[in-house]
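Notes to accompany the following structure.
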Amino acid sequence: MHAPIKYFEKGLSYAAHGAWVVYDRLNRVNQRPSFIPKWSDKPVLKSYEKSKPPLGWPRETDSLCPICTREARQAILDGKKDVSVLLNEKVGEIKATILERDGKIMMVKDCPLHGHFEDVMAIDTAFFKHLEQVFPGRDIRAHNDEKLHNHGSSTILHGRGAVLTIDLTNRCNMMCDPCFMDANQVGFVHELTWDDIKTVLDNAISVKPRRQMSVQFSGGEPTISPYFLDAVRYARKVGYNSVQAATNGIEFAKSPEFARAAADAGLRYAYLQFDGIGNAANAHRRVGNLFDVKLRAIENLYAAGVDIVPVVTIVNGVNNEQVGRIIEFALDNPRKINFLSFQPVSFTGRDEEITDERRHAQRYTLSHLAHDVKKQTGLGEPVRDWFPISFMGTFTDWADVTHGAEKEFGQLTCGCHPNCGVGMALMIDKETREAVPVTAFLRAEQLAKDVAAVTDGGRSRFVSNLGMALALMRNYDPFKAPTHFKLIDLLKKFDKTFGATKSAEKGKYGRVEGDRTMQDITKRRSDRWNFLFIAGMWFQDLFNYDFRRTEMCIIPYATQQGEISFCAYNTGIGWRNIIEKMHMTATLTKWYDEHGRHEIFAGNKPVPLASTAHSLRLNEEAVRAGAQTDLDDLGIAKNAREEKLAARRHKSPEDAAREDAHNADMARLYRQHVLKEEATLQIQGLGGKKKTQAPAPVLHKPAI
């Protein structure tokens with residue numbers, strides 16, 4: 001039996017539909033032209049002015065040969081080719097076709113030297129088609145960016161970005177698999193100086209469109225950088241409201257005082273590595289009590305006022321059965337968790353030379369995620385409730401117009417390719433823990449069309465807000481919403497999220513700017529309704545690389561060589577390998593002599609915790625469950641280390657002995673020629689001798 005308010009709201013929905021018809025017709029008359037905001041040198045785009053990359057299938061795109069690319073990268077590192085080839089040549093590039101086969105979407109490609117490669121893009125063609133059909137189009141083309149976006153075929157061309165990632169250090173206090181940066185394994189330290197950090201943050205606000213991005217400090221483990229707190233503070237100072245740390249949580253778990261210091265510096269989000277429920281589910285990270293660490297980190301961070309985003313690297317056969325358990329954990333703790341980020345594995349870093357057998361067994365796509373969520377939790381229909389994260393661009397476009405031309409920063413916009421990221425939103429009652437997909441009671445596709453029509457009119461703030469309210473009301477079904485959810489709650493949510501009204505901008509729901517206080521944080525957390533966003537972000541690797549995705553990247557890496565697409569940096573041609581060596585801080589030997597060895601938790605070594613107490617609600621059955629054994633049952637290695645051990649077992653004693661001798665020789669040469677202590681150091685492929693205090697060679701000068 002529905003409450004009377006539900007019937008009243010249904011009547012309002014019908015009335016709003018009638019009012020919308022009148023509003024829409026009037027809004028189409030004498031629409032205002034696009035304006036050029038303060039944060040851009042180009043006008044904001046109308047919905048019908050947006051371009052799109054080639055979509056659908058079969059389609060041809062530009063990709064990479066996994067073997068050619070690795071060989072070309074190594075040639076640069078070995079000095080056989082100059083770094084400039086990446087700017088002037090299509091290094092490693094081959095054509096690829098995206099097509100349907102046996103009910104799956106595949107990428108297939110052929111290299112004239114290395115043969116045939118193929119991989120799965122989706123296991124559900126309807127899901128894949130839906131994501132591409134509702135993609136709203138590319139954001140404003142990047143401009144005033146020549147000094148930061150100049151990376152040949154890997155150059156970012158479209159959009160303003162959403163998360164600016166800055167690796168403070170390649171040092172880490174763990175040594176686990178998978179790791180796309182191969183932390184603690186490269187033989188040298190690459191760590192940004194304080195001047196480096198200020199420069200890349202200052203550079204970031206020079207790009208147009210000027211972006212209100214999230215700034216995410218990463219690594220390695222960013223919290224072990226001596227400049228971590230200063231970097232957070234400075235990012236807030238230059239104008240970024242959302243400052244994040246991508247962290248394993250160890251330092252936050254060990255010290256409530258450190259969590260408090262980070263919050264005081266301006267840390268708003270902790271992107272917390274979180275692979276499953278229970279220590280067994282995290283055993284592949286080889287820290288004895290890693291789940292206990294996560295729980296203590298959540299407690300300390302939340303108490304300090306930092307919001308927590310569990311970030312889950314999903315590997316098929318290793319921890320994909322944890323999807324439902326992690327969502328259940330968020331549903332059971334709605335006051336402390338309001339965002340989940342699932343990241344299907346990218347076979348790069350330590351896993352770049354993965355065997356075909358293991359790659360096919362471990363491959364996990366965004367479509368796998370949508371189906372696992374439904375299968376393991378009963379929540380969400382893959383086609384109805386999942387959308388590309390770029391779908392939100394329609395709503396941020398509306399906010400850009402509503403806020404007017406005088407804003408210093410454009411809205412945070414996720415304008416990536418529809419194959420990159422997806423999301424499903426749940427509305428959760430914090431008191432009853434009832435959860436309902438937002439798109440079960442809100443017609444999302446029609447709402448997006450309505451909001452685009454409002455935005456295209458370019459009207460005043462009041463008229464644009466009126467149009468948004470009518471669009472929400474007419475697409476809202478109160479009978480499918482959570483039991484105690486009301487239409488006014490929906491309107492407040494949009495106001496809180498986008499700062500639609502002036503009172504919202506002034507802190508009605510709690511401020512988010514650099515001067516926010518614990519009172520603001522408490523006010524924002526006091527909302528009865530938790531808008532839990534379950535996101536999936538699928539980073540590319542050499543087997544499914546698509547340059548149409550790279551050029552629309554929303555997660556640029558800020559480096560000494562400009563801002564580079566996440567996938568071009570960590571996978572693709574591998575700019576990370578090149579830049580870190582170009583700007584190497586010191587060899588490990590020299591670093592350890594001058595700074596000492598930082599503590600590393602590996603080999604199942606536990607992290608010392610003052611307490612393991614927590615107030616989080618747990619499913620004890622999930623906590624006690626053992627590690628997933630799918631790959632063990634199939635006899636397939638779980639990671640590169642196991643793969644190498646398995647390959648060795650199949651070698652003859654003579655071949656194994658020759659390999660040992662070769663490795664010993666290489667280790668000796670490595671220590672002799674790379675880890676030696678001299679006034680100068682030969683860095684192969686990057687300009688010969690480099691004085692330890694001299695500036696590293698550059699491709700182009702970063703803007704200062």
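The first residue of the sequence shown is numbered 1, and numbering continues consecutively from there.
- Here the rule is side chain to side chain contact (heavy atoms under 4.5 Å, CB included) with Ile521, and of Lys523, Arg524, Gln519, Arg525 only Arg525 fits it.
- Asn150 places no side-chain N or O within donor-acceptor distance of the main-chain N or O of Glu146, the cut-off being under 3.5 Å.
- Looking at Thr455 and Asp397, their side chains never bring a donor and an acceptor atom within 3.5 Å of each other.
- For the pair Asn544/Met121, a side-chain contact is recorded, criterion being any heavy-atom separation below 4.5 Å from C-beta on.
- Looking only at distances, no side-chain donor or acceptor of Thr413 sits under 3.5 Å from a matching main-chain atom of Thr396.
- For the pair Lys407 and Phe409, the cation does not sit on the ring face, since its NZ or CZ is not both under 6.0 Å from the ring centre and inside 45° of the axis.
- When the ring-ring contact (aromatic ring centres under 6.0 Å, His included) test is applied to Phe479, the partners found at least two apart in sequence or on another chain are His2, Tyr7.
- The shortest non-hydrogen separation linking Arg138 to Glu551 is NH2-OE2, 3.7 Å.
- Scanning for side chain to side chain donor-acceptor pair (under 3.5 Å) contacts around Glu445 gives an empty result, with sequence neighbours left out.
- Asp372 and Tyr364 are linked by a side-chain donor-acceptor pair at a separation below 3.5 angstrom, with hydrogens and angles left out of the test.
- The pair Asp145-Lys208 does not meet the salt-bridge criterion, since no charged nitrogen lies less than 4.0 angstrom from a carboxylate oxygen.
- For Met537 against Cys416, the heavy-atom pair with the smallest separation is CE-SG, 4.3 Å.
- Annotation for Leu532 and Asn338: closest pair CD1-C, 3.4 Å, computed over non-hydrogen atoms.
- Using modelled atom types and a 3.5 Å distance limit, the side chains of His403 and Gln411 yield a donor-acceptor pair.
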